[in-house]
Student: 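The structure under discussion is supplied below as C-alpha coordinates; questions concerning it will follow.
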Number of protein chains: 2
Amino acid sequence: MPVSTLDRSVTEPIIRRLNALRTLSAQASASLEHAVLEGMQRAGSGEDLISEGDPVDSVRIVLSGWLCRYKTLEDGRRQIVNFIFPGETCDAHAFLLAVMDHSIATLTPVVYSEIKRARFETLVASDRSLAEAFWCETLVNSAIQREWAINLGRRVALERVAHLFCEIFERLRPVGMIDGNSCIMPVTQMDLADATGLSVVHLNRTVQELRAAGLIVLRERTLTINDLDALKDAALFSPSYLQLYRRK
Amino acid sequence: MPVSTLDRSVTEPIIRRLNALRTLSAQASASLEHAVLEGMQRAGSGEDLISEGDPVDSVRIVLSGWLCRYKTLEDGRRQIVNFIFPGETCDAHAFLLAVMDHSIATLTPVVYSEIKRARFETLVASDRSLAEAFWCETLVNSAIQREWAINLGRRVALERVAHLFCEIFERLRPVGMIDGNSCIMPVTQMDLADATGLSVVHLNRTVQELRAAGLIVLRERTLTINDLDALKDAALFSPSYLQLYRRK
DNA sequence: CGGAGCATTGAGGCCACTCAATCCAGGTGG
DNA sequence: CCACCTGGATTGAGTGGCCTCAATGCTCCG
(Lines give C-alpha, C1' and ligand atoms only; values in the text may rest on other atoms or scores of the structure.)
Protein backbone atom coordinates (compact mmCIF):
# COMPACT_ATOMS: atom_id res chain seq x y z
CA MET A 1 0.00 0.00 0.00
CA PRO A 2 1.55 3.29 -1.07
CA VAL A 3 1.68 6.16 1.38
CA SER A 4 -0.40 8.91 -0.14
CA THR A 5 0.33 12.61 -0.08
CA LEU A 6 -2.50 13.09 2.37
CA ASP A 7 -1.00 10.55 4.72
CA ARG A 8 2.33 12.30 4.49
CA SER A 9 0.88 15.49 5.89
CA VAL A 10 -0.56 13.55 8.80
CA THR A 11 2.78 12.11 9.85
CA GLU A 12 4.65 15.32 9.17
CA PRO A 13 5.08 16.42 12.81
CA ILE A 14 6.62 13.07 13.68
CA ILE A 15 9.13 13.20 10.88
CA ARG A 16 9.97 16.82 11.63
CA ARG A 17 10.42 16.11 15.30
CA LEU A 18 12.72 13.13 14.82
CA ASN A 19 14.67 14.83 12.05
CA ALA A 20 15.40 17.65 14.47
CA LEU A 21 17.26 15.09 16.56
CA ARG A 22 18.86 12.88 13.91
CA THR A 23 18.77 13.03 10.13
CA LEU A 24 16.60 10.17 8.96
CA SER A 25 17.14 8.47 5.64
CA ALA A 26 14.25 8.41 3.18
CA GLN A 27 14.10 4.68 3.77
CA ALA A 28 13.84 5.05 7.53
CA SER A 29 11.23 7.79 7.26
CA ALA A 30 9.17 5.68 4.92
CA SER A 31 9.16 2.57 7.07
CA LEU A 32 8.36 4.63 10.15
CA GLU A 33 5.49 6.35 8.37
CA HIS A 34 4.20 3.00 7.27
CA ALA A 35 4.22 1.66 10.81
CA VAL A 36 2.58 4.81 12.11
CA LEU A 37 -0.24 4.71 9.59
CA GLU A 38 -1.00 1.10 10.47
CA GLY A 39 -1.73 1.84 14.10
CA MET A 40 -3.83 5.00 13.96
CA GLN A 41 -6.14 5.61 16.93
CA ARG A 42 -8.28 8.40 18.31
CA ALA A 43 -9.02 9.43 21.85
CA GLY A 44 -11.32 12.06 23.32
CA SER A 45 -10.33 14.80 25.69
CA GLY A 46 -9.65 13.90 29.31
CA GLU A 47 -8.95 10.21 28.80
CA ASP A 48 -6.16 8.26 30.44
CA LEU A 49 -4.17 6.45 27.78
CA ILE A 50 -1.97 4.70 30.33
CA SER A 51 -2.15 4.71 34.10
CA GLU A 52 0.50 4.48 36.75
CA GLY A 53 1.16 0.84 37.53
CA ASP A 54 0.22 -0.43 34.08
CA PRO A 55 2.66 -2.65 32.22
CA VAL A 56 3.53 -1.23 28.82
CA ASP A 57 3.81 -3.20 25.64
CA SER A 58 3.50 -0.66 22.92
CA VAL A 59 4.71 2.73 21.83
CA ARG A 60 2.35 5.63 21.14
CA ILE A 61 3.27 8.49 18.84
CA VAL A 62 1.13 11.60 18.79
CA LEU A 63 -0.10 12.97 15.49
CA SER A 64 -2.32 15.75 16.79
CA GLY A 65 -3.57 17.06 20.12
CA TRP A 66 -2.01 17.68 23.51
CA LEU A 67 -1.40 15.18 26.30
CA CYS A 68 0.26 15.30 29.68
CA ARG A 69 2.21 13.04 31.97
CA TYR A 70 1.03 13.35 35.54
CA LYS A 71 1.31 11.85 38.98
CA THR A 72 -1.11 12.08 41.87
CA LEU A 73 -0.89 11.75 45.63
CA GLU A 74 -3.34 9.63 47.59
CA ASP A 75 -5.31 12.68 48.66
CA GLY A 76 -5.85 13.87 45.10
CA ARG A 77 -3.13 16.45 44.69
CA ARG A 78 -2.01 16.26 41.07
CA GLN A 79 1.19 17.34 39.39
CA ILE A 80 1.56 17.46 35.65
CA VAL A 81 5.21 16.56 35.12
CA ASN A 82 5.38 17.15 31.37
CA PHE A 83 3.32 17.88 28.30
CA ILE A 84 3.34 15.76 25.17
CA PHE A 85 2.90 17.57 21.86
CA PRO A 86 2.27 16.39 18.28
CA GLY A 87 5.25 14.55 16.85
CA GLU A 88 6.34 13.32 20.25
CA THR A 89 6.42 9.76 21.53
CA CYS A 90 4.64 8.75 24.70
CA ASP A 91 6.95 6.09 25.97
CA ALA A 92 9.44 4.96 23.41
CA HIS A 93 11.28 2.72 25.83
CA ALA A 94 8.95 2.34 28.76
CA PHE A 95 8.62 -1.37 28.08
CA LEU A 96 12.16 -1.87 29.34
CA LEU A 97 10.84 -1.21 32.84
CA ALA A 98 8.23 -3.24 34.68
CA VAL A 99 5.36 -0.78 34.88
CA MET A 100 4.54 2.87 34.33
CA ASP A 101 5.58 5.16 37.16
CA HIS A 102 3.15 7.84 35.99
CA SER A 103 -0.03 8.26 33.97
CA ILE A 104 -0.62 9.79 30.57
CA ALA A 105 -3.85 11.64 29.84
CA THR A 106 -5.23 13.52 26.88
CA LEU A 107 -5.89 17.22 27.40
CA THR A 108 -7.64 17.59 24.04
CA PRO A 109 -8.99 15.15 21.47
CA VAL A 110 -5.96 13.28 20.18
CA VAL A 111 -4.93 11.28 17.14
CA TYR A 112 -2.07 8.93 17.79
CA SER A 113 -0.51 5.77 16.49
CA GLU A 114 0.01 2.70 18.61
CA ILE A 115 2.91 0.50 17.60
CA LYS A 116 3.40 -2.84 19.29
CA ARG A 117 6.68 -3.42 21.05
CA ALA A 118 7.91 -6.12 18.67
CA ARG A 119 7.08 -4.01 15.64
CA PHE A 120 8.82 -1.02 17.16
CA GLU A 121 11.92 -3.00 18.03
CA THR A 122 12.14 -4.37 14.50
CA LEU A 123 11.77 -0.88 13.16
CA VAL A 124 14.55 0.69 15.21
CA ALA A 125 16.81 -2.32 14.71
CA SER A 126 16.68 -1.65 10.98
CA ASP A 127 18.13 1.84 11.13
CA ARG A 128 20.63 3.25 13.57
CA SER A 129 19.69 6.90 13.11
CA LEU A 130 16.07 6.06 13.78
CA ALA A 131 17.00 4.23 16.96
CA GLU A 132 19.18 7.12 18.05
CA ALA A 133 16.49 9.65 17.27
CA PHE A 134 14.06 7.88 19.59
CA TRP A 135 16.69 7.63 22.30
CA CYS A 136 17.47 11.30 21.93
CA GLU A 137 13.83 12.07 22.37
CA THR A 138 13.86 10.15 25.63
CA LEU A 139 16.98 12.02 26.74
CA VAL A 140 15.52 15.41 25.86
CA ASN A 141 12.50 14.49 27.91
CA SER A 142 14.80 13.83 30.83
CA ALA A 143 16.37 17.24 30.35
CA ILE A 144 12.93 18.84 30.31
CA GLN A 145 12.12 17.01 33.54
CA ARG A 146 15.19 18.52 35.14
CA GLU A 147 14.26 22.01 34.01
CA TRP A 148 10.83 21.49 35.50
CA ALA A 149 12.47 20.59 38.79
CA ILE A 150 14.22 23.94 39.01
CA ASN A 151 11.07 25.62 37.76
CA LEU A 152 9.02 24.11 40.57
CA GLY A 153 11.70 24.37 43.20
CA ARG A 154 13.29 27.74 42.62
CA ARG A 155 11.24 30.01 40.39
CA VAL A 156 8.49 32.19 41.87
CA ALA A 157 4.98 32.05 40.44
CA LEU A 158 5.41 34.74 37.80
CA GLU A 159 8.67 33.32 36.51
CA ARG A 160 7.26 29.83 36.61
CA VAL A 161 4.23 30.55 34.48
CA ALA A 162 6.24 32.68 32.08
CA HIS A 163 8.75 29.86 31.77
CA LEU A 164 6.04 27.35 30.98
CA PHE A 165 4.67 29.58 28.24
CA CYS A 166 8.15 30.01 26.76
CA GLU A 167 8.75 26.30 26.79
CA ILE A 168 5.43 25.45 25.19
CA PHE A 169 6.05 28.02 22.47
CA GLU A 170 9.56 26.79 21.71
CA ARG A 171 8.48 23.15 21.68
CA LEU A 172 5.62 23.84 19.29
CA ARG A 173 7.83 25.82 16.92
CA PRO A 174 9.85 22.93 15.42
CA VAL A 175 6.69 21.00 14.59
CA GLY A 176 5.19 24.00 12.84
CA MET A 177 2.43 24.64 15.32
CA ILE A 178 2.99 28.31 15.98
CA ASP A 179 1.56 31.13 13.93
CA GLY A 180 3.57 34.33 14.12
CA ASN A 181 3.72 35.15 17.80
CA SER A 182 0.70 33.05 18.68
CA CYS A 183 -0.06 29.43 19.39
CA ILE A 184 -3.09 27.57 20.59
CA MET A 185 -3.43 26.97 24.30
CA PRO A 186 -6.14 24.34 24.47
CA VAL A 187 -5.85 23.55 28.16
CA THR A 188 -7.68 24.84 31.21
CA GLN A 189 -6.16 27.01 33.89
CA MET A 190 -6.53 24.02 36.18
CA ASP A 191 -4.10 22.13 33.92
CA LEU A 192 -1.67 25.05 33.90
CA ALA A 193 -1.92 25.23 37.68
CA ASP A 194 -1.13 21.53 37.99
CA ALA A 195 1.84 21.96 35.67
CA THR A 196 3.28 24.86 37.64
CA GLY A 197 2.53 23.58 41.12
CA LEU A 198 0.24 26.51 41.89
CA SER A 199 -3.39 26.71 42.97
CA VAL A 200 -5.90 27.58 40.26
CA VAL A 201 -6.67 30.85 41.97
CA HIS A 202 -3.09 31.93 42.13
CA LEU A 203 -2.38 30.76 38.62
CA ASN A 204 -5.24 32.93 37.42
CA ARG A 205 -3.83 35.95 39.24
CA THR A 206 -0.38 35.27 37.86
CA VAL A 207 -1.70 35.09 34.31
CA GLN A 208 -3.41 38.40 34.88
CA GLU A 209 -0.15 39.85 36.09
CA LEU A 210 1.53 38.73 32.86
CA ARG A 211 -1.33 40.28 30.93
CA ALA A 212 -1.12 43.52 32.89
CA ALA A 213 2.61 43.67 32.19
CA GLY A 214 1.74 43.53 28.50
CA LEU A 215 3.75 40.35 28.02
CA ILE A 216 1.00 38.05 26.83
CA VAL A 217 -2.55 37.87 25.63
CA LEU A 218 -4.44 34.74 26.57
CA ARG A 219 -8.02 34.34 25.49
CA GLU A 220 -10.19 32.01 23.50
CA ARG A 221 -7.67 29.23 23.85
CA THR A 222 -4.97 31.23 22.11
CA LEU A 223 -1.72 32.46 23.59
CA THR A 224 -0.12 35.50 22.01
CA ILE A 225 3.31 36.54 23.15
CA ASN A 226 3.77 40.24 22.54
CA ASP A 227 7.49 40.32 23.20
CA LEU A 228 9.13 36.91 23.35
CA ASP A 229 12.49 38.25 24.53
CA ALA A 230 10.85 40.17 27.35
CA LEU A 231 8.90 37.07 28.38
CA LYS A 232 12.07 35.00 28.33
CA ASP A 233 13.79 37.56 30.52
CA ALA A 234 10.92 37.51 32.97
CA ALA A 235 11.07 33.71 33.01
CA LEU A 236 14.85 33.36 33.21
CA PHE A 237 14.34 31.10 30.21
CA SER A 238 17.26 29.61 28.35
CA PRO A 239 16.28 27.11 25.66
CA SER A 240 19.44 25.02 25.52
CA TYR A 241 17.89 22.17 27.51
CA LEU A 242 15.44 21.60 24.67
CA GLN A 243 18.35 20.64 22.41
CA LEU A 244 16.92 22.49 19.46
CA TYR A 245 20.27 22.56 17.77
CA ARG A 246 22.21 19.45 16.97
CA ARG A 247 25.77 18.51 17.74
CA LYS A 248 26.54 17.38 14.23
CA MET B 1 45.60 -8.64 34.14
CA PRO B 2 43.36 -10.65 36.44
CA VAL B 3 40.81 -8.87 38.54
CA SER B 4 41.76 -9.49 42.13
CA THR B 5 39.43 -10.09 45.04
CA LEU B 6 40.23 -6.63 46.33
CA ASP B 7 39.24 -5.09 43.05
CA ARG B 8 36.00 -7.02 43.12
CA SER B 9 34.96 -5.37 46.33
CA VAL B 10 35.63 -1.97 44.81
CA THR B 11 33.35 -2.53 41.84
CA GLU B 12 30.72 -4.34 43.87
CA PRO B 13 28.19 -1.48 44.06
CA ILE B 14 28.24 -1.13 40.29
CA ILE B 15 27.62 -4.79 39.67
CA ARG B 16 24.90 -4.90 42.31
CA ARG B 17 23.22 -1.85 40.91
CA LEU B 18 23.16 -3.07 37.31
CA ASN B 19 22.17 -6.58 38.31
CA ALA B 20 19.16 -5.12 40.06
CA LEU B 21 18.03 -3.93 36.63
CA ARG B 22 19.13 -6.80 34.38
CA THR B 23 20.87 -10.06 35.15
CA LEU B 24 24.41 -9.76 33.85
CA SER B 25 26.37 -12.74 32.62
CA ALA B 26 29.67 -13.49 34.32
CA GLN B 27 31.31 -12.51 31.06
CA ALA B 28 29.58 -9.15 30.91
CA SER B 29 30.33 -8.39 34.55
CA ALA B 30 33.97 -9.24 34.05
CA SER B 31 34.48 -7.06 31.01
CA LEU B 32 32.65 -4.19 32.68
CA GLU B 33 34.78 -4.54 35.80
CA HIS B 34 37.85 -4.53 33.66
CA ALA B 35 36.87 -1.33 31.93
CA VAL B 36 35.95 0.28 35.24
CA LEU B 37 39.27 -0.55 36.86
CA GLU B 38 41.16 0.95 33.95
CA GLY B 39 39.67 4.42 34.35
CA MET B 40 39.77 4.97 38.10
CA GLN B 41 39.81 8.58 39.25
CA ARG B 42 39.42 10.55 42.46
CA ALA B 43 37.83 13.89 43.14
CA GLY B 44 37.59 16.01 46.25
CA SER B 45 34.42 17.34 47.81
CA GLY B 46 32.67 20.25 46.16
CA GLU B 47 34.16 19.85 42.70
CA ASP B 48 32.26 20.13 39.45
CA LEU B 49 32.87 17.02 37.36
CA ILE B 50 30.90 18.37 34.42
CA SER B 51 29.28 21.73 33.91
CA GLU B 52 26.19 22.80 32.05
CA GLY B 53 27.10 23.52 28.45
CA ASP B 54 30.01 21.10 28.33
CA PRO B 55 30.14 18.53 25.54
CA VAL B 56 30.39 14.99 26.89
CA ASP B 57 32.60 12.28 25.54
CA SER B 58 32.87 9.80 28.34
CA VAL B 59 30.84 7.94 30.90
CA ARG B 60 31.54 8.17 34.63
CA ILE B 61 30.54 5.44 37.05
CA VAL B 62 30.66 6.11 40.77
CA LEU B 63 32.46 3.69 43.06
CA SER B 64 32.16 5.63 46.31
CA GLY B 65 30.91 9.00 47.51
CA TRP B 66 27.87 11.14 46.79
CA LEU B 67 27.32 13.52 43.89
CA CYS B 68 24.46 15.66 42.69
CA ARG B 69 23.04 16.94 39.46
CA TYR B 70 22.09 20.58 39.73
CA LYS B 71 20.98 23.59 37.75
CA THR B 72 21.31 27.26 38.64
CA LEU B 73 19.55 30.45 37.66
CA GLU B 74 21.47 33.56 36.66
CA ASP B 75 20.97 35.13 40.07
CA GLY B 76 22.46 32.17 41.91
CA ARG B 77 19.39 30.24 42.95
CA ARG B 78 20.34 26.58 42.83
CA GLN B 79 18.24 23.45 42.51
CA ILE B 80 19.66 20.00 43.03
CA VAL B 81 17.64 17.88 40.64
CA ASN B 82 18.98 14.48 41.66
CA PHE B 83 21.58 12.72 43.73
CA ILE B 84 24.06 10.20 42.36
CA PHE B 85 25.04 7.33 44.65
CA PRO B 86 27.74 4.65 44.49
CA GLY B 87 27.10 2.16 41.73
CA GLU B 88 25.29 4.72 39.60
CA THR B 89 26.32 6.15 36.27
CA CYS B 90 26.67 9.87 35.73
CA ASP B 91 25.63 10.13 32.14
CA ALA B 92 25.52 6.82 30.40
CA HIS B 93 24.11 8.28 27.20
CA ALA B 94 24.67 11.99 27.50
CA PHE B 95 27.02 11.93 24.52
CA LEU B 96 24.04 11.37 22.24
CA LEU B 97 23.07 14.98 22.87
CA ALA B 98 25.13 18.05 22.05
CA VAL B 99 25.99 19.37 25.49
CA MET B 100 25.10 18.91 29.13
CA ASP B 101 21.91 20.64 30.21
CA HIS B 102 22.96 20.52 33.86
CA SER B 103 26.06 20.25 36.04
CA ILE B 104 27.34 17.41 38.17
CA ALA B 105 29.19 18.15 41.40
CA THR B 106 30.68 16.03 44.15
CA LEU B 107 29.16 16.43 47.59
CA THR B 108 31.85 14.31 49.26
CA PRO B 109 35.22 12.97 48.16
CA VAL B 110 34.48 10.57 45.32
CA VAL B 111 36.07 7.63 43.58
CA TYR B 112 34.78 7.06 40.09
CA SER B 113 35.75 5.49 36.82
CA GLU B 114 35.85 7.40 33.58
CA ILE B 115 35.24 5.34 30.45
CA LYS B 116 35.69 6.90 27.06
CA ARG B 117 32.71 6.91 24.75
CA ALA B 118 34.21 4.52 22.20
CA ARG B 119 35.23 2.07 24.89
CA PHE B 120 31.78 2.26 26.46
CA GLU B 121 30.02 1.73 23.15
CA THR B 122 32.15 -1.32 22.39
CA LEU B 123 31.36 -2.65 25.83
CA VAL B 124 27.60 -2.35 25.58
CA ALA B 125 27.60 -3.58 21.99
CA SER B 126 29.10 -6.85 23.20
CA ASP B 127 26.27 -7.75 25.54
CA ARG B 128 22.60 -6.98 25.23
CA SER B 129 21.77 -7.29 28.91
CA LEU B 130 24.55 -4.87 29.77
CA ALA B 131 23.27 -2.36 27.24
CA GLU B 132 19.75 -2.75 28.56
CA ALA B 133 20.88 -2.38 32.15
CA PHE B 134 22.47 0.98 31.37
CA TRP B 135 19.38 2.11 29.50
CA CYS B 136 17.21 1.02 32.39
CA GLU B 137 19.33 3.09 34.70
CA THR B 138 18.72 6.11 32.51
CA LEU B 139 14.99 5.39 32.49
CA VAL B 140 14.86 4.97 36.26
CA ASN B 141 16.58 8.31 36.55
CA SER B 142 13.82 9.81 34.45
CA ALA B 143 11.26 8.29 36.76
CA ILE B 144 13.06 9.75 39.76
CA GLN B 145 13.03 13.14 38.04
CA ARG B 146 9.28 12.90 37.68
CA GLU B 147 8.83 11.99 41.32
CA TRP B 148 10.92 15.01 42.24
CA ALA B 149 8.58 17.17 40.18
CA ILE B 150 5.57 16.17 42.25
CA ASN B 151 7.69 16.42 45.37
CA LEU B 152 8.63 20.01 44.58
CA GLY B 153 5.28 20.97 43.15
CA ARG B 154 2.76 19.35 45.43
CA ARG B 155 4.22 18.17 48.71
CA VAL B 156 4.51 20.54 51.67
CA ALA B 157 7.84 20.99 53.40
CA LEU B 158 7.48 18.21 55.96
CA GLU B 159 6.34 15.66 53.38
CA ARG B 160 9.02 16.81 50.99
CA VAL B 161 11.91 16.35 53.38
CA ALA B 162 10.51 13.06 54.66
CA HIS B 163 10.16 11.88 51.07
CA LEU B 164 13.74 12.76 50.27
CA PHE B 165 14.97 10.80 53.29
CA CYS B 166 12.87 7.79 52.27
CA GLU B 167 14.20 7.93 48.74
CA ILE B 168 17.82 8.21 49.82
CA PHE B 169 17.38 5.30 52.18
CA GLU B 170 15.75 3.07 49.59
CA ARG B 171 18.30 3.93 46.94
CA LEU B 172 21.20 3.16 49.25
CA ARG B 173 19.71 -0.17 50.30
CA PRO B 174 20.31 -2.16 47.09
CA VAL B 175 23.97 -1.17 47.01
CA GLY B 176 24.45 -2.28 50.61
CA MET B 177 25.04 1.15 52.06
CA ILE B 178 22.54 1.08 54.88
CA ASP B 179 23.21 -0.31 58.30
CA GLY B 180 20.09 -1.45 60.12
CA ASN B 181 17.87 1.60 60.21
CA SER B 182 20.71 4.05 59.65
CA CYS B 183 22.68 5.40 56.74
CA ILE B 184 25.26 8.09 56.36
CA MET B 185 24.07 11.55 55.41
CA PRO B 186 27.27 13.28 54.37
CA VAL B 187 25.71 16.43 52.97
CA THR B 188 25.02 19.84 54.48
CA GLN B 189 21.58 21.20 55.24
CA MET B 190 22.24 23.67 52.47
CA ASP B 191 22.41 20.75 50.04
CA LEU B 192 19.22 19.25 51.42
CA ALA B 193 17.54 22.64 51.11
CA ASP B 194 18.60 22.91 47.47
CA ALA B 195 17.27 19.42 46.82
CA THR B 196 13.89 20.14 48.37
CA GLY B 197 13.43 23.66 47.06
CA LEU B 198 13.36 25.12 50.57
CA SER B 199 15.44 27.80 52.28
CA VAL B 200 18.14 26.56 54.63
CA VAL B 201 16.35 28.08 57.58
CA HIS B 202 13.09 26.37 56.82
CA LEU B 203 14.78 23.09 56.00
CA ASN B 204 16.40 23.19 59.41
CA ARG B 205 13.06 23.80 61.09
CA THR B 206 11.47 21.01 59.11
CA VAL B 207 14.19 18.55 60.11
CA GLN B 208 13.59 19.54 63.71
CA GLU B 209 9.92 18.87 63.25
CA LEU B 210 10.72 15.38 62.00
CA ARG B 211 12.99 14.90 64.97
CA ALA B 212 10.36 16.17 67.40
CA ALA B 213 7.86 13.75 65.89
CA GLY B 214 10.30 10.98 66.74
CA LEU B 215 10.56 9.92 63.11
CA ILE B 216 14.26 10.46 62.59
CA VAL B 217 17.54 11.15 64.28
CA LEU B 218 20.01 13.21 62.30
CA ARG B 219 23.35 14.02 63.79
CA GLU B 220 27.01 13.59 63.11
CA ARG B 221 26.32 12.97 59.45
CA THR B 222 24.18 9.95 60.18
CA LEU B 223 20.49 9.55 59.51
CA THR B 224 18.58 7.08 61.65
CA ILE B 225 15.00 6.31 60.76
CA ASN B 226 13.18 5.17 63.87
CA ASP B 227 10.06 3.96 62.09
CA LEU B 228 10.41 3.64 58.35
CA ASP B 229 6.74 2.90 57.76
CA ALA B 230 5.70 5.95 59.74
CA LEU B 231 8.15 8.11 57.80
CA LYS B 232 6.83 6.75 54.52
CA ASP B 233 3.30 7.56 55.61
CA ALA B 234 4.30 11.09 56.53
CA ALA B 235 6.01 11.44 53.15
CA LEU B 236 3.28 9.83 51.04
CA PHE B 237 6.15 7.71 49.79
CA SER B 238 5.56 4.84 47.40
CA PRO B 239 8.75 3.23 46.10
CA SER B 240 7.48 1.81 42.82
CA TYR B 241 9.07 4.58 40.77
CA LEU B 242 12.49 3.34 41.87
CA GLN B 243 11.85 0.07 40.02
CA LEU B 244 13.40 -1.98 42.77
CA TYR B 245 11.66 -5.08 41.55
CA ARG B 246 12.09 -6.40 38.08
CA ARG B 247 9.54 -7.36 35.49
CA LYS B 248 11.21 -10.63 34.63
C1' DC C 1 -34.27 27.87 31.49
C1' DG C 2 -31.22 25.38 34.28
C1' DG C 3 -26.90 23.20 34.82
C1' DA C 4 -22.03 22.34 34.10
C1' DG C 5 -17.47 23.82 33.44
C1' DC C 6 -14.36 27.31 33.64
C1' DA C 7 -12.58 32.02 34.75
C1' DT C 8 -12.45 35.59 37.98
C1' DT C 9 -12.63 38.19 42.34
C1' DG C 10 -12.65 38.98 47.52
C1' DA C 11 -11.26 37.96 52.14
C1' DG C 12 -8.52 36.04 55.45
C1' DG C 13 -4.85 32.94 57.05
C1' DC C 14 -0.68 30.37 57.21
C1' DC C 15 3.48 28.41 55.35
C1' DA C 16 7.77 29.39 54.01
C1' DC C 17 10.55 33.39 53.12
C1' DT C 18 14.37 36.98 54.40
C1' DC C 19 17.38 39.18 57.49
C1' DA C 20 20.14 38.83 61.26
C1' DA C 21 22.10 37.10 65.39
C1' DT C 22 24.00 33.27 68.01
C1' DC C 23 26.03 28.89 68.85
C1' DC C 24 29.13 25.23 68.00
C1' DA C 25 32.98 22.31 66.28
C1' DG C 26 37.10 21.89 63.84
C1' DG C 27 41.25 23.74 62.07
C1' DT C 28 45.11 26.98 62.18
C1' DG C 29 48.69 30.03 63.58
C1' DG C 30 51.02 32.42 67.22
C1' DC D 1 47.46 25.97 74.75
C1' DC D 2 44.63 29.50 73.32
C1' DA D 3 42.74 33.12 70.23
C1' DC D 4 40.87 33.34 66.06
C1' DC D 5 38.50 32.07 61.92
C1' DT D 6 35.40 29.55 59.10
C1' DG D 7 31.56 26.69 57.81
C1' DG D 8 27.59 24.87 59.30
C1' DA D 9 23.52 24.48 62.44
C1' DT D 10 20.19 26.85 65.00
C1' DT D 11 17.06 30.45 66.70
C1' DG D 12 14.19 34.85 66.66
C1' DA D 13 11.44 38.26 64.45
C1' DG D 14 8.83 40.05 60.95
C1' DT D 15 6.94 39.80 56.22
C1' DG D 16 4.68 38.41 52.16
C1' DG D 17 3.61 35.03 48.60
C1' DC D 18 0.62 31.71 47.85
C1' DC D 19 -3.00 29.15 49.97
C1' DT D 20 -8.06 28.00 51.07
C1' DC D 21 -12.82 29.00 51.15
C1' DA D 22 -16.44 30.99 48.99
C1' DA D 23 -19.05 33.71 45.92
C1' DT D 24 -19.91 35.57 41.28
C1' DG D 25 -19.79 35.86 36.26
C1' DC D 26 -19.62 33.98 31.86
C1' DT D 27 -20.34 30.73 28.07
C1' DC D 28 -21.93 26.85 26.15
C1' DC D 29 -25.34 23.40 25.76
C1' DG D 30 -29.16 20.26 26.42
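Residue numbers begin at 1 in each chain, while the letters A, B, ... track the order of the sequences.
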Student: Heavy atoms under 4.0 Å is the rule here; annotate nucleotides 9-21 of chain D 5' to 3' with B where the base is hit, S where only the sugar-phosphate is, and - elsewhere.
Tutor: SBBBB----BSBB

Student: Taking 4.0 angstrom as the limit, do A:Glu47 and A:Arg42 come out as a salt bridge?
Tutor: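 Judged by the 4.0 Å cut-off on N to carboxylate O distance, A:Glu47 and A:Arg42 do not form a salt bridge.
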
Student: Please state how far atom CD in A:Glu209 lies from atom C1' in C:dT8, giving the value in whole angstrom units.
Tutor: 15 Å

Student: Take atom CZ of A:Arg219 and atom P of D:dC28, then tell me their distance rounded to the nearest Å.
Tutor: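 These atoms are roughly 14 Å apart.
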
Student: Quick one: do B:Asp191 and B:Arg78 make a salt bridge, cutoff under 4.0 Å?
Tutor: yes

Student: Hey, are A:Glu209 and A:Arg205 close enough for a salt bridge, meaning a charged N less than 4.0 Å from a carboxylate O?
Tutor: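 No, A:Glu209 and A:Arg205 are not salt-bridged.
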
Student: Does a donor on one side chain and an acceptor on the other come within less than 3.5 Å for B:Gln145 and B:Asn82?
Tutor: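 Looking only at side-chain atoms, B:Asn82 and B:Gln145 do form a donor-acceptor pair, the distance falling under 3.5 Å.
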
Student: Can A:Glu88 and A:Arg60 be counted as an ion pair, charged N to O under 4.0 angstrom?
Tutor: no

